[in-house]
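Values in this document were obtained by computation on a predicted structure and should not be read as measured data. We use all heavy atoms of the structure for the numbers below, so side chains are in, but hydrogens, waters and symmetry mates are not. Below, chains carry the letters A, B, ... as their sequence lines are ordered, and counting in each starts from 1.
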2 protein chains.
Amino acid sequence: MSTDYGDADPFQWDTREDCQVRQILDRIADKWSLLVIALLDNRRLRFTELRREIDGVSQRMLTVTLRSLERDGLVKRTVHPVVPPRVEYELTPLGATLHATIQSLVTWTEAHQEEIAAARESYDHREAEAV
Amino acid sequence: MSTDYGDADPFQWDTREDCQVRQILDRIADKWSLLVIALLDNRRLRFTELRREIDGVSQRMLTVTLRSLERDGLVKRTVHPVVPPRVEYELTPLGATLHATIQSLVTWTEAHQEEIAAARESYDHREAEAV
DNA sequence: CGGCATCCGTGCCGATACTG
DNA sequence: CAGTATCGGCACGGATGCCG
């Protein structure tokens with residue numbers, strides 16, 4: 001590595017803004033991407049099915065999200081040449097490996113949501129009486 | 001359709017917009033939060049140290065991010081009453097359990113960044129010649 | 001059905017200035 | 001050093017309309 005940023009610290013990783021990992025993290029840690037990947041586990045879903053399952057997503061955002069996931073090779077898009085059109089989405093093998101990680105994030109959140117809610121309440125309470 | 005949403009499907013989870021899990025996911029899957037949690041692994045860092053390590057973060061965003069992480073009980077903030085002020089941040093036990101998951105996300109991204117880059121290039125290439 | 005193009009509001013975030 | 005406060009731009013994303 002020519003421009004040696006800090007790979008001195010073994011605990012450290014490249015945190016530069018133009019870093020590949022940072023850019024990819026921003027993409028997949030996106031609000032809708034997370035949900036799509038979580039929902040596509042071992043399933044093939046149509047556009048409308050996904051839209052219905054993800055409460056609050058607009059058509060535009062679902063399209064945009066699916067496009068970038070497809071571009072990143074995480075989701076496979078299959079168009080059936082019928083009328084009316086039928087488009088199905090599923091995880092690629094690469095996407096499937098990511099799913100495990102995403103799922104652990106979801107599981108962690110489910111497991112600790114009460115702790116977080118409690119922490120928030122306690123925090124807000126301290127704030128309130130501090131004022 | 002009544003209020004009992006689909007817990008019929010074992011693969012499924014609550015995807016309603018007002019769902020706790022969704023809200024928490026949005027918070028912790030935030031661009032800066034991920035980085036902060038990743039960086040605070042087994043370390044106590046001062047505000048300025050964090051700021052220096054995270055390329056591109058503004059003072060404002062780092063403050064805002066740290067506040068919500070503190071509020072969620074993931075990060076502990078310690079103020080040393082000295083001049084100049086010395087404020088240190090570290091993961092709480094709860095934050096430490098989250099770190100493992102975040103780290104696996106980072107590791108996955110590092111491991112697969114070339115595949116993703118290749119997928120993107122291939123996708124863009126197909127797009128280009130399709131036009 | 002599954003898009004894409006356009007318009008446009010708003011909320012996020014950077015820049016700047018000020019405080020303990 | 002480690003913040004808070006305020007302002008303003010702009011990009012994100014919702015709404016709408018049209019198409020294969």
Pair A:L62, A:V36 - check side chain to side chain contact (heavy atoms under 4.5 Å, CB included), show working. CA-CA 9 Å; A:L62 184 54; A:V36 168; 4.1 Å; yes
Expressed as a whole number of angstroms, how long is the span from A:D26:CG to D:dA11:P? 16 Å
Among D:dG14, C:dC1, D:dT4, which nucleotide sits nearest the side chain of A:W32? D:dG14
Applying a 4.0 Å non-hydrogen cut-off, can you work out what A:R51 is touching in the nucleic acid: base, sugar-phosphate, or nothing? nothing
By nearest atom, which of the nucleotides C:dG20, D:dG20, C:dG3 is closest to the B:P85 side chain? C:dG20
For B:L62 and C:dC12, give me the distance from atom CG to atom P, rounded to whole Å. 18 Å
Less than 4.0 angstrom between a side-chain N/O of A:R67 and OP1 or OP2 of C:dG3, yes or no? yes
Is the backbone N or O of A:E17 less than 3.5 Å from a side-chain atom of B:D55, with the two atoms forming a donor-acceptor pair by type? yes
Give the rounded distance in Å between these two atoms: CD of A:E49 and P of C:dG3. 13 Å
Between C:dG20 atom C1' and B:R86 atom CZ, what is the distance in whole Å? 18 Å
At under 4.0 Å, does any side-chain N or O of A:R60 touch on OP1 or OP2 of D:dC12? no
Rounded distance in Å - CG (B:L66) to P (C:dC13): 14 Å
Do NZ/NE/NH1/NH2 and the carboxylate oxygens of A:E49 and A:R44 come within less than 4.0 Å? no
Those residues that, when tested against A:R120, pass salt bridge (Lys or Arg N to Asp or Glu O under 4.0 Å) (two or more places apart): B:D72
Would B:E121 and A:R71 pass as an ion pair if we require N to O under 4.0 Å? no
Give a yes/no on whether any side-chain N or O of B:Y89 is located under 4.0 angstrom from OP1 or OP2 of D:dC1. no
Whole Å only: how far is the CZ atom of A:F47 from the C1' atom of C:dC4? 11 Å
Candidates D:dC1, C:dG3, D:dG3 - which lies nearest the side chain of B:R46: D:dC1
Which nucleotide in D:dT4, D:dC1, C:dG14 has an atom nearest any side-chain atom of B:M61: C:dG14
Using whole Å, report how far CZ of A:R27 lies from P of D:dC12. 10 Å
Check: A:Q59 side chain, D:dG14 base, donor-acceptor under 3.5 Å: no
